[in-house]
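Working notes for the structure below.
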Amino acid sequence: MNQEKIWKAVLAQLEVDLSPAIFKTWFKETALVKIEDGVAEVSCPTYAKKRLEERYYGQIKKALDSVTHQKNELVLKTSVTSKPKNKDQETVNNYGPLFKPKQKRNSSTGLFPQYTFETFVVGPNNNLAHAVARAVVENPGKTYNPFFLHSRVGLGKTHLIQAIGNAIKEKHSDLRIVYCTGESFTNELLDAIRRGDRAESGKFREKFRKSDVWLIDDAQFIAGKESTQEEFFHTFNALYLDQKQIVLTSDRPPQEIARLEERLSSRFSGGMITDMQAPNLDVRVAILRSKRDREGLEVPNEVIDLIAESIPSNIRELEGAFMRVAAIARSQQKAITVDLAKKALGGIKQEKEEKLTAGDIIREVCSYYSVNLKDIKGPRRPKNLALARQVAMYLLRSKADLPFMEIGDVLGGRDHTTIMYGVGKIKNLMDENAKFRGEIRTLESRLR
Ligand code: ADP
Ligand code: MG
């Protein structure tokens, strides 16, 4: 039995013995890191360590002893990273960290320290964006304001906007920097409104309006939400008039953000708009080499070339493939060779060639219309949500060939007649309205 299986069995026993709330609170994020010579090392979140040691040590040990048929000594350690996200990561964790753990977000600015200009590789695909970003750091609020940066996903927007924040913090330590995403801005605002507390709303307002540098990542998310756009507009104006620096990122240029108020899209377009493209082969190689050196991994250049050639259009996927190759080599305790990399990448390619899944389609629709996954599957039917949902129905039918019944299931258990109606409605709309047809075509091209 491997560690993962052992721990599953231990948790299964504990789950029977404990109340669901206790189990969930204290045990959900535990893992067996190592078991050797009768010593079992168990990782847990910092907040849970004391409690587990004081209250549940005996119970954990009993379950573990019975699963492993031996007497174990138990050592609890706090985990560096939170729960492993995927299989590769688990393999990595079992052998100690392969990659340096991600550094913590700065609590006052909301920035991650690892996103800096030093680690940002510049090439023909992003050199303009990079130059503008540097200029913004030199003269916040003066040269390019607002700075609007757009690109498809995985091409470095978050990295660059955070690098701006981190560099300004270093250079102008007196300036107040506030980083948020379109989504977190929306959620915080709605929270403040829901609580109906004037002081809370005031605090929210103050946090943004008192900033010297306002960084908004994935700003497209605010589109289609009336109260959010209203608040956003006033915050934007207040800061702009005060010559405070504003930087926005988005997955498309302002005019193409569906249901973004005109007054906002014109404000967004009032400064510098720059895009970033997919990197060419040289840049991809440079990105991987820099990552290799930073992580101190032994990866031959030929392997880097191979990975860079295989993953052309998304830097996040490029890094993912690189880490996957390294993780597989580590788990098999082999050197990283071209052969091994080919095998590991073969898996990735196969995944890519599979048919579009319902999940892909729904996620893309959600991102395009800036709605939540939960909401699109949920019961609510405000206009923008209902439209996004029907577009999802249409694409699930036309792109994934799903039967109406199944579409109903994946969209939160809706009746198949509802789906038929929705698909028909979108077809009609496309016939009647050229702009809408364009929207659907854009979405379709993103799915390819
Ligand atoms: P986006 O926000 O556009 O979806 P991210 O900024 O999250 O993309 O980038 C995805 C990953 O690729 C991140 O890990 C980031 O550090 C890395 N990355 C993107 N562009 C570069 C670059 N020019 N040089 C080095 N790493 C990059
Ligand atoms: Mg991003």
Side-chain angles (χ1 to χ4, degrees), residues 81 85-86 88-89 98-105 110-134 137 147-167 179-186 215-222 247-253 256-257 273-295 297 299 304 307-308 310-327 348 360 363-364 366-368 370 446:
T81 46
K85 280 220 177 80
N86 56 40
D88 295 343
Q89 198 104 34
L98 173 54
F99 299 100
K100 293 182 182 149
K102 281 226 166 102
Q103 288 162 292
K104 278 219 189 81
R105 180 190 280 270
L111 296 168
F112 288 99
Q114 73 264 28
Y115 289 128
T116 61
F117 282 108
E118 285 69 46
T119 55
F120 190 83
V121 176
V122 184
N125 56 309
N126 60 17
N127 58 2
L128 182 59
H130 174 260
V132 173
R134 285 282 195 187
V137 173
F147 172 27
F148 189 101
L149 172 67
H150 66 96
S151 80
R152 292 204 327 262
V153 296
L155 294 181
K157 296 182 296 296
T158 296
H159 190 137
L160 199 56
I161 193 175
Q162 294 232 353
I164 293 175
N166 281 318
Y179 170 89
C180 67
T181 62
E183 188 169 8
S184 67
F185 182 88
T186 305
L215 310 169
I216 311 103
D217 202 0
D218 288 320
Q220 76 276 358
F221 193 87
I222 66 163
V247 183
L248 307 117
T249 78
S250 158
D251 62 354
R252 56 213 112 128
E256 285 177 28
I257 303 178
I273 302 185
T274 313
D275 71 343
M276 290 193 291
Q277 298 294 329
N280 65 22
L281 183 62
D282 288 345
V283 175
R284 300 202 296 279
V285 168
I287 288 173
L288 290 184
R289 286 188 182 190
S290 133
K291 182 150 186 83
R292 167 188 67 189
D293 299 344
R294 259 180 294 131
E295 300 283 353
L297 291 168
V299 186
I304 287 199
I307 300 172
S310 314
I311 317 276
S313 52
N314 182 318
I315 302 174
R316 185 173 302 129
E317 283 174 13
L318 181 73
E319 289 185 334
F322 177 81
M323 304 208 294
R324 184 183 164 121
V325 170
I348 294 175
D360 294 335
R363 263 192 304 279
E364 194 61 48
C366 284
S367 133
Y368 189 79
S370 306
R446 280 160 181 252

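Remember, it's 1-based here, ligands and their atoms both numbered in the order they're listed.
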Main-chain N/O of F112 paired with Q162 side-chain donor or acceptor, under 3.5 Å: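 Indeed, once roles are kept as given, a pair shorter than 3.5 Å links the two residues.
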
Closest protein heavy atom (residue, atom, distance) for [atom]:
atom                    : value
atom 20 (N) of ligand 1 : I315 CD1, 3.3 Å
atom 7 (O) of ligand 1  : R316 NH2, 2.8 Å
atom 25 (C) of ligand 1 : T119 O, 3.2 Å
atom 23 (N) of ligand 1 : V121 O, 2.8 Å

N or O pair under 3.5 Å between [X] and ligand 1:
X    : answer
G154 : yes
T158 : yes
L155 : yes

Criterion side chain to side chain donor-acceptor pair (under 3.5 Å) on R294 and S290, from CA distance to verdict: CA-CA 6 Å; R294 259 180 294 131; S290 133; 3.1 Å; yes

Option set G156, A286, S290, A163, criterion heavy-atom distance to atom 5 (P) of ligand 1, minimum: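 Looking at heavy atoms only, the winner is G156.
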
Option nearest atom 16 (O) of ligand 1 (shortest heavy-atom distance, choices H159, K291, K157, R152):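 When every heavy atom of H159, K291, K157, R152 is considered, H159 comes closest to atom 16 (O) of ligand 1.
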
Side-chain heavy atoms of [X] within contact of [Y], under 4.5 Å:
X    : Y    : answer
E183 : S370 : no
F117 : N166 : no
L160 : F120 : yes
R252 : I257 : yes
F147 : T249 : no

N-O pairing of D360 and R446 below 4.0 Å: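 Looking at D360 and R446, the cut-off is not met.
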
Atoms in ligand 1 flagged as close to N126, the criterion being non-hydrogen separation under 4.0 Å: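 The atoms of ligand 1 under 4.0 Å from a heavy atom of N126 are 23 (N).
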
Those atoms of ligand 1 less than 4.0 Å from some heavy atom in V153: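 So the answer, numbered in order with elements, is 4 (O).
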
The Mg ion (ligand 2) to nearest N/O/S of T158 below 2.8 Å: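 An N, O or S atom of T158 is closer than 2.8 Å to the Mg ion (ligand 2), so yes.
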
Which segment of E319 sits under 4.0 Å of ligand 1 when only heavy atoms are counted: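 For E319, the contact with ligand 1 is made by the side chain alone.
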
T116-H159 side chain donor-acceptor pair, cut-off 3.5 Å: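 There is no such pair (donor and acceptor under 3.5 Å, judged by atom type) between the side chains of T116 and H159.
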
